[in-house]
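Convention: sequence-line order gives letters A, B, ...; per-chain numbering from 1. Predicted model, so just to flag it, every value in this text is computed and none were measured.
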There are 2 protein chains.
Amino acid sequence: MGEAVPEGGFERAGRPTESPGFLLWRVTLAWQRALAAALRPYDLTHVQFVLLAGAWWLGMDEGAPTQRRLAEHSGTDPMMTSQVLRTLEGKGLVERVPDPADSRAKRVRVTEAGEALRERAMYAVEEADAGFFAPVPRGDALAVLNALSGSLAPVAARATRRGAGA
Amino acid sequence: MGEAVPEGGFERAGRPTESPGFLLWRVTLAWQRALAAALRPYDLTHVQFVLLAGAWWLGMDEGAPTQRRLAEHSGTDPMMTSQVLRTLEGKGLVERVPDPADSRAKRVRVTEAGEALRERAMYAVEEADAGFFAPVPRGDALAVLNALSGSLAPVAARATRRGAGA
DNA sequence: GCGATATAGTAAATGCGCATAGTAAATCGG
DNA sequence: CCGATTTACTATGCGCATTTACTATATCGC
């Protein structure tokens, strides 16, 4: 697996191996595998953990969030959020209670079981995260990722902006 | 447009929002959306393009690869590789010819139609890639990603036999 | 009040991403 | 040559991730 990138490789991407996007994808796949392994003992997937932790955080901060609020906060697709929250509800980790003020909305409350699991899983995630990002200075990683996250398109943007210009 | 970063705070501690892994995941989701949009006119998904381009590259470099070789090169799961290659075969973009020397193996050859499509799609991908990574110096991104890709776990590692430890 | 529009959530369908498990063929030890 | 092990690929199934389309409710303009 040693094959580091042979050269500077600033020339045209004759080979996909040198594209930042390709690297990003591969790195993320590896990270997801590491995180999945870390979360397996808790019977949680990555997204399940993200939504559980997000619901907990928002719950602390501003009260039980609606699904849409949670999706917005987590950067997840609303449809996926709906799916996964029902899974979490099925596991008894969250409740989805109707919003008294808006009967369309459902508010996500973390149950006691959910909170207990979240706390334990959080340690595993932080550990896995630290291990995975150890090879690179934390500041560097955060700088790059934060710069890129500035160009994040809103997930729920219906506005299918330009199919894909030439 | 507007709120690219949903919440004010990527910088406070103690919650998933500031984890590099969480950021990496969100950035990758956004990148995948951008790439999916760029590839939509060509009726290719991201992975289909990666495998098509990978098969082409390896074909140039060392002859038509087996599925396993291609999976190894692309960092993809062998099972997924098998699935997606059959999709590509159904589209007439690749052929899967039996290896004369090893009757278990199938070698992936890019057809003329596949090569024509790959070339056009490559431009779209390079453009999307350049646009997405514009906010950060290329050298910085490559440095971080290359450092992290050093810790890539082999995808096909059967060695997972130990059940996730803890 | 009432119609147009926007919003919260969901159903169904497609395609990755991977774990588990299985078949068949190659390879190795004897 | 024969059994044991490895290897290349595949069937199945679960869980994301997204698209399209739909229901029901809220809200704004009048």
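Side chain of A:Thr111 to main chain of A:Gly92: a donor-acceptor pair is present (N/O by atom type, distance under 3.5 Å, no hydrogens or angles). The main-chain N or O of B:Ser82 is found under 3.5 Å from a side-chain atom of B:Arg86 such that the two form a donor-acceptor pair. Under the 3.5 Å distance criterion, the side-chain polar atoms of B:Thr66 are left unmatched by any main-chain donor or acceptor of B:Lys106. Under the 3.5 Å distance criterion, the side-chain polar atoms of B:Arg118 are left unmatched by any main-chain donor or acceptor of B:Leu52.
As a whole-Å value, the separation of A:Asp77 CG from C:dT10 P is 13 Å. The nearest whole Å value for the distance from the CG atom in A:Leu70 to the C1' atom in C:dG9 is 13 Å. The CG-P distance, from A:Asp99 to C:dT7, rounds to 17 Å in whole Å. We find that CG of B:Leu51 is positioned 10 Å from P of C:dG17, with the value rounded to whole Å. Taking atom CZ of residue A:Arg26 and atom C1' of nucleotide C:dG17, one finds them 15 Å apart after rounding to whole Å. Between the CG atom of A:Leu52 and the C1' atom of D:dC16 there is a distance of 17 Å, given to the nearest Å. Between the CZ atom of B:Arg68 and the P atom of C:dA25 there is a distance of 17 Å, rounded to whole Å. For the pair B:Leu29 CG and D:dT19 P, the computed distance is 12 Å after rounding to whole Å.
For D:dA26, the OP1/OP2 oxygens have a side-chain nitrogen or oxygen of A:Ser103 closer than 4.0 Å. Distances shown here put every side-chain N or O of A:Gln32 at or beyond 4.0 Å from the OP1 or OP2 atom of D:dC16. Regarding contacts with the backbone of C:dT10, a side-chain N or O of A:Arg96 is found under 4.0 angstrom from either OP1 or OP2. Listed pair B:Thr45 / C:dC16 meets the phosphate criterion, a side-chain N or O lying under 4.0 Å from OP1 or OP2. Applying the 4.0 Å criterion to OP1 and OP2 of D:dC9, one finds that B:Arg104 has every side-chain N and O outside that range. Between A:Arg33 and C:dA19, a side-chain N or O to OP1/OP2 separation shorter than 4.0 Å is absent.
Side-chain contact between B:Val47 and A:Trp25 is present, with heavy atoms from C-beta onward closer than 4.5 Å.
When distances run from any side-chain atom of B:Asp102 to the nucleotides D:dT10, C:dA25, C:dT7, the shortest one goes to C:dA25.
Among the protein residues, A:Arg107 comes within range of no part of the nucleic acid, since none of its heavy atoms lies under 4.0 Å from any strand.
With sequence neighbours excluded, no residue forms a salt bridge (charged side-chain N to carboxylate O under 4.0 Å, His left out) with A:Glu119.
Listed by residue number, the members of residues 79-94 of chain B with any heavy atom below 4.0 angstrom from DNA chain C are B:Met79, B:Met80, B:Gln83, B:Val84.
A 6.0 Å sphere centred on CD of B:Glu62 holds more than 12 heavy atoms belonging to other residues, nucleotides or ligands.
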